[in-house]
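These numbers were taken from a predicted model, which means no experiment stands behind them.
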Amino acid sequence: MASGVCFYRLLGSPAVELDGREVELGPPQAKTVLTALLVAANRLVSSDKLAEELWGDSPPASARVQVQGLISRLRRALRSPDGEQPIQTKGTGYVLRVEPGQVDVDLFGEGIADGRALLTEGRYDEGVSRIRDTLTLWRGQASAMAADVLGQWEELRLAVLEDCVEAELLLGRHDRLVPELRELVAAYPFRERSCGQLMTALARAGRIAEASEAYRKWHRRLADELGVEPSPAIRALHSDILRAEPGLSSPGYTVYRKLVAPCQLPPGLPDFVGREAQVQDLLAELNPDESRDTPPVLVLTGVGGIGKTSMAVRLARQIRDAYPDGQLFSALRGTTAEPRTPEAVLAGFLRSFGVPSDMIPPDLDECASLFRSVLHGRRVLLVLDDAASETQLRPLVPAEPGCAVIITSRFSLAGLELGRSVPLDVLSTGDAAALLARLVGSLDLDEEAESAGQVLEYCGGLPLALRIVGSRLADRSLWKLGDVATALSVERQRLDWLQTGDLAVRSSFSLSYRQLDPDRQKLFRRLALLPSADFPEWVAAAAMDVDSVERPLEDLHRRNMVQLVERGGGRPRYRMHDLLRSFALEAVAEESAAERAAATGRALGGWLWLAERAAARLPGSVLRPAPGEATRRPMDPAAADALVHDPLVWFQAEHLGLEAAISRAADAGLGEMAWELAVVGADYFDHRGQYAEWSRCHKRALGAAISSGCVRGEAALLRGLGQLHLYRDEFPQATKLLSRSLKLSEAIGDRRGMASALTGLGVVSRATGRPDEARERGQRALVMFTEAGHGLGVAHMHTSLAVAYLEMGRLGEAEAELDRAMAVCAELGDDHRTALVLRRFGQLHLARDDPRRAMTCLRRALGLLESLRDEQCAAQVRLDIGRTHTILGERQAAARVLTGASSQFVGVGNHSSAAACERLLGSLVT
């Protein structure tokens, strides 16, 4: 080192030498600052960083001043004789300028590299000498402050010392190495290589008993403190020593057998597309992290054919460089009748590392312990494909935080202690289209866009199905996507087409199905008989004729044969993939036609019973007929009430399922069931103004009712469709349907049905300017409702007659009818009907030029309707309130109320009421 130049030491307690003498640095804080500056030599270190090194997260208020004081002290100590200052101020931080060779770690690194190069060339004497000289730079354990940053140098020192010892053993210096190796093993008791070298040195010196004792002590400590077994390499060395292996005393004998780094990953798919965001997220999870105490474990789950293995291999191949000590892959055969045992998998893994078969213990616990020992201190990636259970996996998952594991399974494996569950869903529409384009060519996709959309729909985003489509198109060059779409459109033949070579959707699903016990197999296949792929638990229980199938469904969910899509009302809701549903449809064909019909009937009967229970909590409807003859399937009343305690919420969640149930009943020729389901659903659709759904369900059921000869059902459905035309002011169509309903009801003597039809026809009469006819029809209907004991109908007809009298200007008679209607409402306890009567009272008061009293009635009516969440009837009341505000000259209030009501009417197609709102709004600006 040139005169007047500092030499810095970090390998041990921080120190500085100047011209051969050690410089006094001052208090420990000064050494801490120097260490931080040296570690970042020639780079800026902020004052805040130095304060953090000194005081952690709790620096004193005077931290910046104290740092400045310590820097000043170091500057005085390090100033060269000619006044040159190595510490420079840059902004709010400091830089320590050093030249190459001024820091001991630089010389240390150079010396080690030189020594190892000499050893590699076989120049053992020179290499040992160079390494021994370099190791003299090490002056003991690094200080606490520097250890975090410089700990890597200590690991390097130990590794190169072991290289040096190995070379000296080759040179026959075993006798003089024994004391040094004993000290090394005592200081670092878990370094396997050092222990093996000590055993070798002792054995070569003829001290076999001591060599064996060194192994036994090391073995005990390893087991007691770490809970692991010695590696195969050192166990093999111990065996060689005990057998007095002939080559053991030879200078050329290898100290211990080196383990190989296996690479067993299968090739990835060249056309893997999609899931990019998920891939990047999982790769980040798999990246090695020094702060971890346990290895990252990803558990990819999903239905067969979803792409679990492809995803696992893609992840493994992208991250494998981070795990240079080996990449293991094992097919665990979890979906076969005989999954691989953990013992067999572990033995295969150990052999892949070079462990001799005779060194692999037959006991599972010992084998797992040996496997953990092999992985200790190594970075190894494991891919465990098609796992059967947590029991199969536990012995295979390493404890070493430097390792990583990717597991695939059709089961959820929720009981696995380590691991992040990663459920794989079907591909998004965009990803599925991209995969199909990759497989068949984007040009074909563009030319046959409509057919491509159909193929994507039939494949349901299942990668296996899409790959089979691509493969089959490749085999049939004259086929087009349109041909594929036609072939797949027949559900019962769909799985026949989705197979090629050893790829088959049916075979993939069959593996999961065969693993189910008989009861769960029956449940799975009967799910195909349910009206829709999206279903609540109770309807599956009805198909099975039991009270509950919650636990069996949870098991199917755990096996990814159904998906849990939501929870509501205290019970789960599930969905079955369309292709799995096709497979279940094939499987259920094994049952007799009578069994299938009975299961379907129970499911539909469950729908009808529960829908009626929910509808009974909605405001009553005059249109609702008396119950028909369809068979209901009751469930536990308490459970049912928990489901439908809020009927609007229940219908909102289930109305699509109810519509599917109507279609299923119609397809099955169950006309009685179809019409009853349709009319009970109309209560909800009427309440919510969902007229398109109402119309669709009624028309679907009407054909079935006619085909089945259900005259009463036909009449009821015609009345419902006629009511829809009334709401839309389509009076000719309404008259035709209601008149037909009246004749059918009359033919079978259904007085209640006749009264309901007359009610609608009376509305037509009144709306088309025939009040006398309206009154006459109303009176006939009133008599029939009274005879039938239909209190709601009686109240409704008194109200309807009151409206007719109002339009005729006969206000006294109108009031009398309203009084009668209100009395019936009070007797029934019907708040909804009470609100409708109050609305008509409001109109009566307006006719008597008493808008204040009218407003009181109307506000009471609106409050009741809003509490019942009947927005359609509430909109009618708001129209009347807007009219009343207009009469009172309250223009702003009128405009606000009428604007909201108008939007409501337009949304449901009630043109006359919407027009009335617009006329009133127009009058406000004139």
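The existence of a salt bridge linking R379 and E400 is excluded, since no basic side-chain nitrogen approaches an acidic carboxylate oxygen closer than 4.0 Å. The residues D386 and R340 are annotated as not salt-bridged, no charged nitrogen and carboxylate oxygen being separated by less than 4.0 angstrom. A salt bridge does not link R559 with E554: none of the charged nitrogens is closer than 4.0 Å to a carboxylate oxygen. Using a cut-off of 4.0 Å between Lys/Arg side-chain N and Asp/Glu carboxylate O, D133 and R130 are scored as not salt-bridged. A salt bridge is absent between R378 and E192; no separation between the charged side-chain nitrogens and carboxylate oxygens falls under 4.0 Å. Salt-bridge check for R9 with E22: failed, with every basic side-chain N at 4.0 Å or more from each acidic carboxylate O. Remark: R173 engages D125 in a salt bridge, criterion side-chain N to carboxylate O under 4.0 Å. The pair E53-K49 meets the salt-bridge criterion, with a side-chain N (NZ, NE, NH1 or NH2) lying under 4.0 Å from an Asp/Glu carboxylate O.
No hydrogens or angles considered: a donor-acceptor pair under 3.5 Å links the side chains of R216 and S212.
Applying the ring pair (Phe, Tyr, Trp, His ring centres under 6.0 Å) test to residues at least two apart or on different chains, the pairs with a partner in residues 216-243 are Y215-H219, Y215-H238.
Shown here are the salt bridge (charged side-chain N to carboxylate O under 4.0 Å, His left out) partners of R410, two or more places apart in sequence or in another chain: there are none.
Aromatic ring orientation, F353 versus F371: tilted (interplanar angle from 30° to 60°).
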